[in-house]
Amino acid sequence: MNAQPSVALRVLAFAVALAGIASSVEAFGTLQVVATSGEAAPDGNGVYATFAAPLVNSTGQVVFGANLSGTDLGNDDNGVIFRGTPTGLTAIMREGQAAPDGNGVFRFVEDTPNKIPVDPAVNYANEFGGYSINNLGRVAFEGQLALTAGDQADDTGVYLGAGGALDRVVREGQAMPGGGVAEFVSGAKQLNDAGQTLVSITRDGTSGWYRAGDDALTLVVEDGQYIPDGDHTFDIRASVARLTQGGQVTFSDPFPPIFAPEADSAPTPPGARGVFLGTDTGPVTLVQNGATPPGLGGLMIEDVERVFTMNENADIAYEGQVEGTNDRFIVVQSAGLNEFVIRNDDLLPRSDGSTAPAHRPTLFGFNDARQVLFTASIVYGRSLFRAEGGTVDLVLERGSAAPEGDGWVSNIIPEEFNQAGQSLVFITYGDSDSGFGFLFCDDALGCQSVMRVGDTLLGGTISRFIYPAKQARDNLRNTMNDLGQVAMTVVLDDGRHAVVLWTPTVLGDADMDHVVGLSDLDIVGQHFGQAMRGWRHADFNGDGVVSLSDLDALGAHFGQSALPAGAPASVPEPATLALLALGTLGVLRRRT
């Protein structure tokens, strides 16, 4: 009985508030097609056949490699890198296009991994070669060239463009600062808004990481260079490096053995490996195996170079292990101070309100708010958690029901973590015909389905996904941007490919028609007070009960739409809404 006045007052307040609601806001749950197999290319030269994995920037622009069929020159002009949105695409580079300096033409050789196979049955993730996009729409890519003056000595480079003329970043055969020539060039998978990219270059047989941009190459670290506080040297062949928007570079030195030049028979002990920051005066040690970092209680650590990541504030998060034990942990280091995020046997929250000890925590993401995304094994298997300021929250538990109600979460692999604290998670399902798919997890929205095998699209059924799978060590958030938009290539059961862009929706759209409206309010009324789970049953906060908090969520977003800008949204006039909302009172009273 006590619930009825509360519900009534809430609906009355909701009805009064409708008078000031905006009619349309572009937000969640919209899947837009950017390009599809069989469609004509923008310039009319060929039709799309297959696509590599797309990447998305903070404005919703995507970049992807495409293989075309029916082009004028066949295999000599059928590879293109495009950038754009669902409303239009621009070619950044096309096979047959002349290099900026006139020496050779871009060409992807058929029998190399850089050429996308026309056969859509071939299983690949991102075989077009390295490319990246910044928030200004500029694209960096690693380009192969044919018909060059130096044959294999100058047939690869890194280039930058936004449509139209390209700029050369670095190319094999060019003179290097400090002497020598570039013998091998690889990179372009990281690009900041200043137009800087991180490139691996070999000169005179010595490999190094360089920050490249504005016609300048800056050496970060190279083989043979001494570690800051030891007698041994770096070996970057297996190192991982990251570039920030501010141009800072961190890198690991994980490759054992590392040899001192004066004593090649003496391998570097594991304690010499670690994580370092590149500066204008040389590398600086951030954390190193065998050290006892401040704040960790005098513990000596090992294995810190395995997985680490850095945010824009030069804070780092890293995995480690207490030396001589199996005690795994994750630490955030800020201004030289270390703070445990989680370690073995710490208690973690569960969905039923209980706690369970953590086993082998694994780092997956770290953002500027110093939020850490990690998995750990608890009870039934690995679950997903987010930590911030000493507090750990459960994001997704293994064994939980799928958001759509079809199956349960069997395996969890985080793929992306953005500045808003949202995560994109690859999921395998138990007790379902759809074996795997992706969830988008957000504080307010909970975990909602993005796409899964078996979903229908363009008259076909999704059979698999093509995306640049990555973990914390890659420092890239390119499948999902900071707005929560997700870009992927999907393969349909009839062999067609489609590049798609998914945008998350506002709370309250229970019927998934992209508009929070009266039909959604009706669903709240139908299930109010019931033990229901799932977005389609109006359980927007995922607590298993349709309650006032779900009604509040719907009311806060009533009238908003996830439809693309300019698309008609059928939203009644506010005065009509207010009157109709009052009619919901009867439904809610009957439910309570």
Side-chain angles (χ1 to χ4, degrees), residues 221 226-235 239-240 242 248 250-258 260 266-279 282-311 313-349 355-367 369-378 385-393 472-473:
V221 64
Y226 282 94
I227 63 174
D229 51 359
D231 297 329
H232 298 85
T233 59
F234 290 109
D235 186 329
S239 71
V240 176
R242 298 181 179 82
Q248 294 177 302
T250 50
F251 59 94
S252 66
D253 191 45
F255 197 89
I258 307 168
T268 300
R273 304 196 302 275
V275 180
F276 303 87
L277 174 68
T279 70
V284 172
T285 302
L286 296 178
V287 62
Q288 202 164 352
N289 286 342
T292 55
L296 298 191
L299 294 177
M300 292 184 67
I301 57 175
E302 61 183 14
D303 206 21
V304 297
E305 79 288 350
R306 263 186 84 248
V307 178
F308 77 97
T309 189
M310 180 176 72
N311 66 18
N313 304 316
D315 304 324
I316 65 169
Y318 61 88
E319 279 186 35
Q321 183 166 319
V322 178
E323 192 170 47
T325 74
N326 291 320
D327 185 3
R328 299 289 307 175
F329 58 81
I330 297 172
V331 162
V332 166
Q333 182 185 99
S334 179
L337 298 179
N338 293 266
E339 177 185 355
F340 278 115
V341 174
I342 188 71
R343 61 188 297 180
N344 277 0
D345 296 327
D346 282 352
L347 294 179
L348 292 174
T355 59
H359 177 66
R360 202 167 183 83
T362 301
L363 172 67
F364 279 93
F366 183 51
N367 64 18
R370 297 178 63 194
Q371 296 172 322
V372 175
L373 188 73
F374 68 95
T375 62
S377 292
I378 58 166
F385 302 88
R386 194 186 70 188
E388 179 181 8
T391 300
V392 177
D393 294 315
R473 63 174 59 244

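Along the sequence shown, residues are numbered consecutively beginning with 1.
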Between atom [atom1] of [X] and atom [atom2] of [Y], what is the distance when rounded to the nearest 0.5 Å?
X    : Y    : atom1 : atom2 : answer
R360 : N344 : CZ    : CG    : 8.0 Å
F251 : R242 : CZ    : CZ    : 12.0 Å
H359 : N326 : NE2   : CG    : 8.0 Å
R386 : N367 : CZ    : CG    : 8.0 Å
I316 : T250 : CD1   : OG1   : 7.5 Å
I330 : L373 : CD1   : CG    : 9.0 Å

- [ ] Please check if any side-chain donor atom of E302 sits under 3.5 Å from a side-chain acceptor atom of N289, or the reverse.
- [x]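 No.
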Ignoring hydrogens and geometry, is there a side-chain-to-backbone donor-acceptor pair from [X] to [Y] under 3.5 Å?
X    : Y    : result
Q333 : L286 : yes
E319 : L363 : yes
N313 : D315 : no

Within the 4.5 Å heavy-atom criterion, are [X] and [Y] side-chain neighbours or not?
X    : Y    : answer
F276 : V221 : no
V392 : P349 : yes
F366 : V341 : no

How close do [X] and [Y] get, heavy atom to heavy atom, and via which atoms?
X    : Y    : result
I227 : Q288 : CD1-NE2, 3.7 Å
E339 : G390 : OE2-N, 4.2 Å
P293 : V287 : CG-CG2, 4.2 Å
T292 : G298 : CG2-O, 3.4 Å
A358 : A376 : CB-CB, 4.2 Å
P357 : I378 : O-CG2, 3.5 Å

TODO: Check the angle between the aromatic planes of F374 and F385 and answer parallel, tilted or perpendicular using the 30° and 60° thresholds.
DONE: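 F374 and F385: parallel rings.
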Open item on the list: My understanding is that only residues two or more places apart in sequence, or in another chain, count here; which of them pass side chain to side chain contact (heavy atoms under 4.5 Å, CB included) with L299?
Closed with: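 In terms of side chain to side chain contact (heavy atoms under 4.5 Å, CB included), with neighbours along the sequence ignored, L299 is linked to V322, F340, R343.
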